[in-house]
Structures are given as C-alpha cells and as structure tokens.
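What follows is a set of notes on a single structure, which appears directly below.
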Number of protein chains: 2
Amino acid sequence: MYTIQDVSEKTGLTAHTLRYYEKEGLLTGVERSQGGFRQYSDEDLERLGLICCLKNTGMSLHEIARFVALTNEGEQTLRERVEMLREHRESVIARMAEMQRYLDKVTWKLNFFSGKLKEYEERKGSAS
Amino acid sequence: MYTIQDVSEKTGLTAHTLRYYEKEGLLTGVERSQGGFRQYSDEDLERLGLICCLKNTGMSLHEIARFVALTNEGEQTLRERVEMLREHRESVIARMAEMQRYLDKVTWKLNFFSGKLKEYEERKGSAS
DNA sequence: CTAATCCTTAAAGTTACCTCTAAGTCAAGT
DNA sequence: ACTTGACTTAGAGGTAACTTTAAGGATTAG
C-alpha cells in the first residue's frame with residue numbers, strides 16, 4: 001500500500017494531479033484508510049501505468065476516462081476496448097511516421113545551416 | 001504572389017491563424033499590395049514550411065519566434081540558430097524513442113486484451 | 001459596378017491539462 | 001504529544017495555441 005506521496009514520487013505526477021485524475025474518472029476505486037487517506041495498491045499502480053502510457057502517446061484524458069469506464073463495466077466491453085486500443089495504436093504509428101518526415105526536414109535544414117555556418121566562419125577566419 | 005486565402009488553402013492554416021502568426025513574429029516581412037493586402041511569395045511559403053515543421057515537431061511558437069528573430073539578425077546568429085536546431089532535433093529524437101517505448105506497451109496491452117476477448121467470445125459461443 | 005475578399009484593433013472565448021489556494025479538519029508516524 | 005502530511009470542496013489562475021466576434025472601412029477580380 002502506498003500513500004499519495006509515494007505514488008507521486010513513483011510516477012512524477014503531483015498529489016494534486018493524482019486527485020484530479022481521480023475526480024476525472026481516470027483512476028477509480030482507490031482504497032481508503034479508516035481516516036479517509038488514499039491507499040494505492042500495486043494493481044492501482046499498474047492501472048496508472050496504462051493511463052500514463054495512453055496519455056503519453058497522446059490520448060486525451062477524456063478518452064482515457066471513457067476507456068476506464070468501459071473497463072469498469074466488465075467483460076462485455078472487451079471488444080470495444082480492444083477496438084479503442086487498436087485505433088489508438090494506429091494513430092500513434094501514423095503520428096510517429098509523420099514526425100519522422102518532419103524530423104527529416106529539420107535534419108536537412110540543420111545540415112544546410114551548418115554548411116552556411118562553416119562557410120561563414122571560414123570567411124571570417126581568413127579575413128582576420 | 002499568393003493571397004492569404006491561397007496560403008490558407010496550401011497550408012491548412014486559417015487566414016486568422018496566419019495573421020496571428022504574423023503578429024507573434026513567426027512569419028515576418030510579408031509584402032503588401034498598395035491597398036494593404038498581404039502578398040505571399042514563394043520564399044514566404046518556404047519560411048512558413050520551416051515554421052510548420054518546427055511547430056509540428058513540438059517547438060513552441062515562442063521558440064520559433066526566437067528562431068525567426070535570430071534569422072532576421074543575419075549571419076552572425078548562424079551559430080546560435082544551428083545550435084537551436086541541433087538541440088531541437090535531439091529532443092525530437094528522444095521524444096520519438098520514448099514514444100516507441102510507450103507504443104510497445106500499448107501493443108502489449110492490446111495483445112493481452114485481444115487474448116482475453118478471444119477467450120471470452122469462445123466461452124460465450126460454446127455456452128449458446 | 002459589384003460581390004467577394006481583405007484590412008484593422010482589441011478583446012473575449014475555447015480547449016486541454018493542469019496548478020494552486022483557502023479554510024478548516026483529521027490522521028499517522030516517531 | 002507533536003509535527004508532518006492528508007482530507008474536502010470550490011473556485012481561481014495559468015499556459016499554449018488558437019478562434020471568434022464586432023465594427024467599419026478599403027480593395028480587388030471579373
């Protein structure tokens with residue numbers, strides 16, 4: 001069992017953010033102590049791992065909340081969840097391919113400017 | 001020479017956004033007709049291409065504006081600009097690698113849920 | 001000539017994702 | 001016991017990158 005601070009340190013999310021995620025329906029059903037303190041289990045951490053994973057690949061919190069809600073409805077939503085993940089995966093792959101094309105252009109520009117810089121410095125060097 | 005609408009269609013940015021970018025110092029020095037209408041040249045389009053490229057790889061408009069300002073200062077800022085591009089390129093590469101790791105996890109989860117789905121459907125199929 | 005397009009400023013609104021504050025109470029670890 | 005950390009609600013504040021609105025006037029292409 002972990003306190004909110006433990007989880008904050010493990011994940012890099014602030015305690016504020018963790019409560020916020022809970023409020024938004026991202027990480028649901030976290031246990032509480034008698035006093036009302038959140039007690040995160042390893043299973044919670046794993047679920048949070050998937051949440052972060054989806055978030056970091058660009059899924060909106062809203063969509064993640066939808067995925068979580070489906071999960072909470074049980075087995076009969078498996079098909080829909082698989083479909084969501086599949087689509088998300090495709091979109092990530094597409095985005096990465098696009099990114100690669102942009103990166104190639106940045107690289108090209110960088111080389112271009114590097115060439116100009118070299119030329120400029122030689123010009124300056126020989127002039128001194 | 002292109003009107004703002006032409007450029008909007010070519011780039012997918014709205015005319016509003018183009019004016020906004022100009023105001024923010026991203027695309028500077030666009031020619032005007034006697035009447036004050038913007039007249040974009042091919043060179044403007046090329047500069048805009050680089051701007052979009054940087055933006056689409058995650059550089060903030062603020063940083064792009066800084067890059068553009070340096071460009072406008074001329075050759076003596078070449079070193080700094082090359083440095084900016086180099087750093088940006090590194091960060092994009094790092095982000096893509098991170099993304100790939102997250103994507104692998106999504107793929108893993110997808111396979112896991114696919115398996116569960118298959119099992120579930122067989123169970124349901126045999127029960128009917 | 002006329003319809004469609006463009007110009008301006010200034011500011012308010014939007015979406016996403018937090019981030020922080022306040023005020024007051026309560027719990028846990030040493 | 002005491003200090004540190006956790007709890008609540010509710011709402012304000014913040015940033016990035018737009019997006020829209022309004023109002024009125026000027027320009028341009030056919």
Side-chain angles (χ1 to χ4, degrees), chain A residues 1-41 44-45 48 50-68 88 91-92 95 98-99 102, chain B residues 1-41 44-45 48 50-69 88 91-92 95 99 102:
Chain A
M1 293 301 179
Y2 312 96
T3 69
I4 199 165
Q5 208 48 244
D6 293 337
V7 177
S8 168
E9 279 154 25
K10 271 180 202 291
T11 61
L13 302 168
T14 68
H16 276 310
T17 302
L18 287 168
R19 292 194 200 99
Y20 170 71
Y21 279 5
E22 199 173 313
K23 199 178 62 177
E24 298 295 305
L26 270 68
L27 186 59
T28 58
V30 175
E31 289 284 313
R32 300 295 185 108
S33 69
Q34 300 119 320
F37 284 26
R38 287 171 185 79
Q39 294 184 306
Y40 294 85
S41 67
D44 291 331
L45 285 188
L48 192 52
L50 179 55
I51 289 165
C52 289
C53 194
L54 293 174
K55 196 197 66 169
N56 291 329
T57 48
M59 189 182 281
S60 71
L61 299 192
H62 185 77
E63 260 191 300
I64 297 172
R66 170 155 172 68
F67 183 85
V68 169
H88 179 62
S91 88
V92 175
R95 217 148 20 79
E98 195 193 24
M99 199 78 143
Y102 285 124
Chain B
M1 292 301 180
Y2 312 96
T3 69
I4 198 166
Q5 208 48 245
D6 293 338
V7 177
S8 168
E9 279 155 25
K10 270 181 204 290
T11 61
L13 302 167
T14 70
H16 275 309
T17 302
L18 287 167
R19 292 191 201 102
Y20 169 71
Y21 279 6
E22 198 172 314
K23 197 179 65 179
E24 298 296 305
L26 269 69
L27 186 60
T28 58
V30 174
E31 288 286 313
R32 299 297 184 107
S33 70
Q34 298 121 321
F37 284 27
R38 286 170 184 80
Q39 293 184 307
Y40 294 85
S41 66
D44 291 331
L45 284 189
L48 192 51
L50 178 55
I51 288 165
C52 289
C53 193
L54 293 175
K55 195 198 65 168
N56 291 330
T57 48
M59 188 181 281
S60 72
L61 298 192
H62 185 78
E63 259 191 301
I64 297 173
R66 169 156 172 68
F67 184 85
V68 169
H88 180 61
S91 88
V92 174
R95 218 150 17 81
M99 199 80 143
Y102 285 124

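Below, read A as the first sequence line, B as the second, and so on, with proteins coming before strands; counting in each chain starts at 1.
Counting to the nearest Å, the P atom of dA16(D) and the CG atom of Leu54(B) are 17 Å from each other. In this entry the distance linking CZ of Arg19(B) with C1' of dA10(C) reads 15 Å, nearest Å. Atom CG of Leu18(A) is separated from atom C1' of dC17(C) by 14 Å (rounded to the nearest Å). When rounded to the nearest whole Å, the span between CG of Asp6(B) and C1' of dT28(D) equals 13 Å. Protein atom CD of Glu9(A) is 12 Å distant from nucleotide atom C1' of dG5(D), rounded to whole Å. Rounded to whole angstrom, the span from the CG atom of Leu61(B) across to the C1' atom of dC18(D) amounts to 9 Å. Rounded to an integer number of Å, the gap from CD1 of Ile4(A) to P of dC26(C) is 19 Å. Per the geometry, NE2 belonging to His16(A) stands 11 Å off P belonging to dA6(D), to the nearest Å.
Listed nucleotides: dT8(C), dA17(D), dA28(C). Nearest to the side chain of Ser33(A): dA28(C). Distance from the side chain of Gln34(B) is smallest to dT28(D) among dT8(C), dC20(C), dT28(D). Listed nucleotides: dC17(C), dA6(D), dC7(C). Nearest to the side chain of Thr3(A): dA6(D). The side chain of Tyr20(B) approaches dC18(D) more closely than any other nucleotide in the set dT28(D), dC18(D), dC7(C). Out of dC7(D), dT28(D), dT19(D), the shortest distance to the side chain of Arg32(A) is found at dC7(D).
Looking at Glu24(B) and Lys55(B), no side-chain N of the basic residue comes within less than 4.0 Å of a carboxylate O on the acidic one, giving no salt bridge.
Comparing Thr14(A) and Glu22(B) by the nucleotide of DNA chain C whose heavy atom lies nearest to each, the residue mapping closer to the 5' end is Glu22(B). Mapping Ser60(B) and Gly35(B) onto DNA chain D by nearest heavy atom places Ser60(B) closer to the 5' end of the strand.
Not one side-chain nitrogen or oxygen of Arg38(B) sits closer than 4.0 Å to the OP1 or OP2 atom of dT28(D). Note on Tyr21(A): every side-chain N or O is 4.0 Å or more away from OP1 and OP2 of dC17(C).
The residue Gln5(B) sits close only to the backbone: its heavy atoms come under 4.0 Å of sugar-phosphate atoms, none of a base. Among the atoms of the strands shown, only primed sugar atoms or phosphate atoms (P, OP1, OP2) are found under 4.0 Å from some heavy atom of Lys55(A).
The residue from Thr14(A), Leu18(A), Leu13(A), Val30(A) that alone fulfils the side chain to side chain contact (heavy atoms under 4.5 Å, CB included) condition with Ile4(A) is Leu18(A).
A donor-acceptor pair under 3.5 Å links the side-chain atoms of Arg95(B) to the main chain of Thr57(B), judged by distance alone. Formation of a donor-acceptor pair under 3.5 Å by the Ser91(B) side chain with backbone atoms of His88(B) is found in this model.
The minimum heavy-atom distance between Glu22(A) and Arg38(A), with the atom names listed, is OE1-NE, 2.8 Å.
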